[in-house]
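Since the structure comes first, as structure tokens, the remarks are kept for the end.
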Amino acid sequence: MGFDRAIKIAPSILSADFANFGTEIQAVEAQGADWIHVDVMDGHFVPNLTFGPPLCKAIRRHIKTVMDVHLMIAPVDPYIEAFADAGADILTAHLEAGPHIHRTLQAIRGAGCKAGLALNPGTGLADVEHLLDMVDLICVMTVNPGFGGQKFIHSQIDKVRRLRAMIGDRPIHIEIDGGIDPTTAPLMAAAGADVLVAGSAVFKGGSVDQPAPYGDNIRAIRTAAAAAQA
Ligand code: DX5
Ligand code: ZN
């Protein structure tokens, strides 16, 4: 996984057919997805439940690109090894998930994964400063985590702009997650985001039998974002 800031579209399988993860992943990758975004929820840190390490391990062999695992769980540390064993390329933990995010990020890299740090919409950037040299990705949540299909929160545009300036030349991706579509993606690309997670806006209108809309949706987001990229 080399580093570049070209726009990457990461479909969230939260919006896929849960009975067909393998074929859904193959379909979105064939239609141009750059990464596959996997939303792990525990019904405690967020008010929704999805899946854990065994499911991640089962879908891993269908992912040819990058397995980007977003952990919306607390605590995180007891599960890091299991998600690393499941084949995660990137493991992203929330800054709000516990008192020892520094230790969590060390443990993620120690387990051989790229380390991601996610920030809820209500979280500021002050606490990020001392973590910058231990992360490969910062995920700015543009909705409150827990569900797909929510409305984009515009106050996060300025957060991304300020985060981009803080990052400087460091090889850190800025990922945005929630409410991303061809209208909101360019606002965030202009502010400095390079990895765009999209669930409902990618999967809408298509299916494993009719996957062409996935490609149209991915292209629409990518084209709008690339034209606006700073
Ligand atoms: C929200 C998840 C997102 C979500 C995005 O808690 O982290 O990845 O699936 O879904 P959309 O793109 O539908 O807002
Ligand atoms: Zn996510």
Side-chain angles (χ1 to χ4, degrees), residues 7-18 21 24-25 28 31 33-52 55-56 59 63 65-74 76 83 88-97 108 113-123 135-157 160 173-189 193-206 213-214 216-218 220-222 224-225:
I7 293 292
K8 288 160 197 63
I9 310 296
S12 164
I13 60 165
L14 192 60
S15 294
D17 175 358
F18 271 41
F21 277 137
E24 288 276 52
I25 288 164
V28 284
Q31 294 293 326
D34 298 288
W35 293 6
I36 298 296
H37 185 82
V38 181
D39 284 308
V40 176
M41 304 186 187
D42 67 352
H44 162 74
F45 180 69
V46 289
N48 194 6
L49 272 171
T50 55
F51 37 71
L55 188 285
C56 291
I59 63 174
I63 299 175
T65 57
V66 170
M67 187 176 190
D68 173 33
V69 178
H70 179 190
L71 298 176
M72 286 161 274
I73 66 173
V76 175
F83 283 104
D89 295 298
I90 304 167
L91 263 187
T92 296
H94 270 260
L95 188 145
E96 307 85 1
I108 290 172
C113 299
K114 300 271 188 196
L117 173 68
L119 308 175
N120 282 335
T123 299
V135 295
D136 302 288
L137 174 149
I138 299 176
C139 174
V140 174
M141 292 303 302
T142 38
V143 298
N144 284 295
F147 303 95
Q150 301 183 83
K151 205 167 162 329
F152 178 83
I153 300 173
H154 280 77
S155 61
Q156 303 308 299
I157 299 171
V160 166
H173 293 292
I174 299 182
E175 176 176 80
I176 48 164
D177 187 1
I180 300 305
D181 61 22
T183 308
T184 52
L187 305 173
M188 285 312 217
D194 59 300
V195 182
L196 315 185
V197 175
S200 37
V202 165
F203 285 94
K204 74 163 191 228
Y214 297 166
D216 297 340
N217 296 337
I218 289 170
I221 298 168
R222 190 194 306 284

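Each ligand, and each atom within it, is numbered from 1 in the order the structure gives. Quick note: residue numbers are just sequence positions, from 1.
- Within ligand 1, the atoms closer than 4.0 Å to a non-hydrogen atom of H37 are 8 (O), numbered from 1 in the order shown.
- Those atoms of ligand 1 that come under 4.0 Å of a heavy atom in M141, given as number and element, are 7 (O).
- The closest non-hydrogen atom to atom 2 (C) of ligand 1, taken over N120, D39, I13, T92, comes from D39.
- With atom 8 (O) of ligand 1 as the reference point, the heavy atom nearest to it among L196, V46, D177, V38 is part of D177.
- When heavy-atom distances to ligand 1 are checked against a 4.0 Å cut-off, S12 comes that close only through its side chain, counted from C-beta outward.
- Regarding atom 1 (C) of ligand 1, its nearest protein heavy-atom neighbour is F147 O, 3.6 Å.
- Using cut-offs of 30° and 60° on the angle between ring planes, the pair F18 and F51 is tilted.
- Distance check: N144 CG to M72 CE gives 12.0 Å after rounding to the nearest 0.5 Å.
- The Zn ion (ligand 2) is the vertex of the angle joining NE2 of H37 and OD2 of D177, which measures 100° to the nearest 10°.
- Heavy-atom contacts of M72 reach the following atoms of ligand 1: 6 (O), 7 (O) (cutoff under 4.0 Å).
- When hydrogens are left out, the protein atom nearest atom 12 (O) of ligand 1 is G199 N, 2.7 Å; that is the closest non-hydrogen contact.
- Partner of I13 under the side-chain contact (heavy atoms from CB on, under 4.5 Å) criterion, chosen from I63, I59, T50, V28: I59.
- Close approach to P145 involves these atoms of ligand 1, each under 4.0 Å from a residue heavy atom: 6 (O).
- When each atom of ligand 1 is checked for a heavy atom of A198 under 4.0 Å away, the hits are 12 (O).
- Closest to atom 14 (O) of ligand 1 among all protein heavy atoms lies G179 N, 2.8 Å.
- Short contacts between ligand 1 and G178, defined as distances under 4.0 Å to a heavy atom of the residue, involve ligand atoms 14 (O).
- Between A88 and V69 the shortest heavy-atom distance is CB-CG2, 3.6 Å.
- The Zn ion (ligand 2) has an N, O or S atom of H70 inside 2.8 Å of it.
- In this structure, CG on L196 lies 9.5 Å from OG1 on T142, to the nearest 0.5 angstrom.
- If you check the side chains of H70 and D68, you find no donor sitting under 3.5 Å from an acceptor.
- For ligand 1, the atoms sitting less than 4.0 Å from at least one non-hydrogen atom of S200 are 11 (P), 12 (O), 13 (O), numbered in the order shown with element in parentheses.
- Residue M41 has at least one heavy-atom neighbour below 4.0 Å for each of these atoms of ligand 1: 6 (O).
- Using a 4.0 Å cutoff on heavy atoms, A201 does not count as a contact of ligand 1.
- Under the 3.5 Å distance criterion, with hydrogens and angles disregarded, a donor-acceptor pair is assigned to the side chains of E96 and H94.
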